[in-house]
Protein chains: 2
Amino acid sequence: MFAALGDPTRLAIFDRLADGKPRSISTLSDDADMTRQAVTKHLRVLESAGLVQNHRVGRESQYAFCPDQLAQARAYLDQVAGRWESALMRLKTFVEDDDS
Amino acid sequence: MFAALGDPTRLAIFDRLADGKPRSISTLSDDADMTRQAVTKHLRVLESAGLVQNHRVGRESQYAFCPDQLAQARAYLDQVAGRWESALMRLKTFVEDDDS
DNA sequence: TCATTACGCAACCAAAAAGTTGCATTAATT
DNA sequence: AATTAATGCAACTTTTTGGTTGCGTAATGA
């Protein structure tokens with residue numbers, strides 16, 4: 001998941017789709033300075049990371065933002081931050097105890 | 001930053017350092033099934049992403065958790081989630097207006 | 001002092017990732 | 001029916017990345 005967002009191109013696409021509007025591959029390719037195939041590959045990566053969803057309509061395949069994994073990433077970061085905070089707390093307590 | 005956490009080995013190291021205790025390179029290498037040099041490289045990547053800090057003490061260099069960038073990542077994800085939420089709101093309003 | 005421990009640097013290698021090109025296919029348009 | 005627009009598939013090239021090995025150096029300890 002972090003790996004999927006780790007590429008600047010993919011992060012840009014992801015960021016762009018965060019407004020909720022689904023977009024076709026060619027639409028997304030238009031203002032990316034690379035081939036449609038390259039964009040397609042990136043979209044597949046984002047999709048298999050669960051960050052984006054695809055469904056085909058007519059002759060074009062629409063990619064849309066998918067919030068589930070995003071929430072999971074936030075939860076993980078929160079958990080890490082929590083561990084760090086409580087470690088700080090223990091350190092503070094230790095220092096205070098030592099001080100008395 | 002996402003790229004730095006995108007590698008499983010680096011994520012493991014980062015996660016391990018989240019308890020606040022600084023650790024030396026060799027300590028971190030001991031229970032990683034790879035060379036010390038490989039671990040060193042990963043630590044450098046984490047450091048240049050601002051996720052970890054290094055300071056040398058005696059003959060060993062201690063790497064410690066660094067919360068700043070973590071907070072920034074959380075802020076970004078929150079912002080994206082926020083955009084998504086408000087997009088949902090607008091859609092809901094639109095549907096309701098359309099419904100009346 | 002001499003061995004050992006912890007590290008840095010640089011070259012090297014293999015595998016994966018990013019991107020391209022060419023061609024085939026399906027759907028929409030006229 | 002013929003053309004065009006949107007995509008898929010596959011092979012290929014080029015960088016990047018993850019990892020190793022070899023060697024040199026600074027700090028520790030006996």
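Any value given below was found using the heavy atoms of this structure, including those in side chains, with hydrogens, waters and symmetry copies removed. Sequence lines set the chain letters: A, B, ... in the order given, protein chains first and strands last, and positions in each chain run from 1.
- For A/Arg44, whose side chain is taken as the heavy atoms from C-beta onward, the closest listed nucleotide among D/dC9, C/dG19, D/dA6 is D/dC9.
- The base of D/dG8 is paired with the side chain of A/Arg36 by a donor and an acceptor separated by under 3.5 Å.
- Between the CD atom of A/Glu47 and the P atom of D/dT7 there is a distance of 14 Å, rounded to whole Å.
- Between A/Leu46 and the options A/Leu11, A/Leu51, A/Leu17, a side chain to side chain contact (heavy atoms under 4.5 Å, CB included) holds for only A/Leu51.
- When the P atom of D/dG8 is taken as reference, atom NE2 of A/His55 falls 13 Å away, rounded to whole Å.
- Of the two residues near DNA chain C, A/Asp33 and A/Gly58, the one whose nearest nucleotide lies more 5' is A/Asp33.
- Put simply, A/His42 has a side-chain N or O that comes within less than 4.0 Å of OP1 or OP2 on C/dG19.
- Using a cut-off of 4.0 Å between Lys/Arg side-chain N and Asp/Glu carboxylate O, B/Lys41 and B/Asp7 are scored as not salt-bridged.
- Note: NZ (B/Lys41) to C1' (C/dA10) measures 10 Å, nearest angstrom.
- Between the side chain of B/Arg59 and the base of C/dT5, at least one donor-acceptor pair of N or O atoms lies under 3.5 Å.
- In this entry the distance linking CD1 of B/Ile25 with P of C/dC9 reads 10 Å, nearest Å.
- When each of A/Arg56 and A/Arg10 is assigned the nucleotide of DNA chain C with its nearest heavy atom, A/Arg10 is the one assigned upstream, toward the 5' end.
- Rounded to an integer number of Å, the gap from CG of A/Asp7 to C1' of C/dG19 is 11 Å.
- The local environment of CD in B/Gln53 is sparse, with at most 12 non-hydrogen atoms from other residues, nucleotides or ligands closer than 6.0 Å.
- Dense packing is recorded around CG of A/Asp31, with more than 12 heavy atoms of other residues, nucleotides or ligands lying under 6.0 Å away.
- One interatomic measurement links the two molecules: OH of A/Tyr63 to P of D/dA6, which rounds to 16 Å at whole-angstrom precision.
- For the atom pair CZ (A/Arg10) and CZ (B/Phe2), the distance works out to 12.5 Å, reported to the nearest 0.5 Å.
- For B/Thr35, whose side chain is taken as the heavy atoms from C-beta onward, the closest listed nucleotide among D/dG8, D/dT21, D/dA6 is D/dT21.
- For B/Thr40, counting side-chain heavy atoms from C-beta on, the closest listed nucleotide (D/dG19, C/dG8, C/dG19) is C/dG8.
- Counting any heavy atom pair closer than 4.0 Å across all strands shown, B/Gln37 reaches a base atom.
- Here the P atom of nucleotide C/dA18 and the CG atom of A/Leu46 are 11 Å apart, to the nearest Å.
- An OP1 or OP2 oxygen of C/dC7 is reached within less than 4.0 angstrom by a side-chain nitrogen or oxygen of B/Ser26.
- Atom CG in A/Leu43 sits roughly 15 Å away from atom P in D/dA6 (whole-Å rounding).
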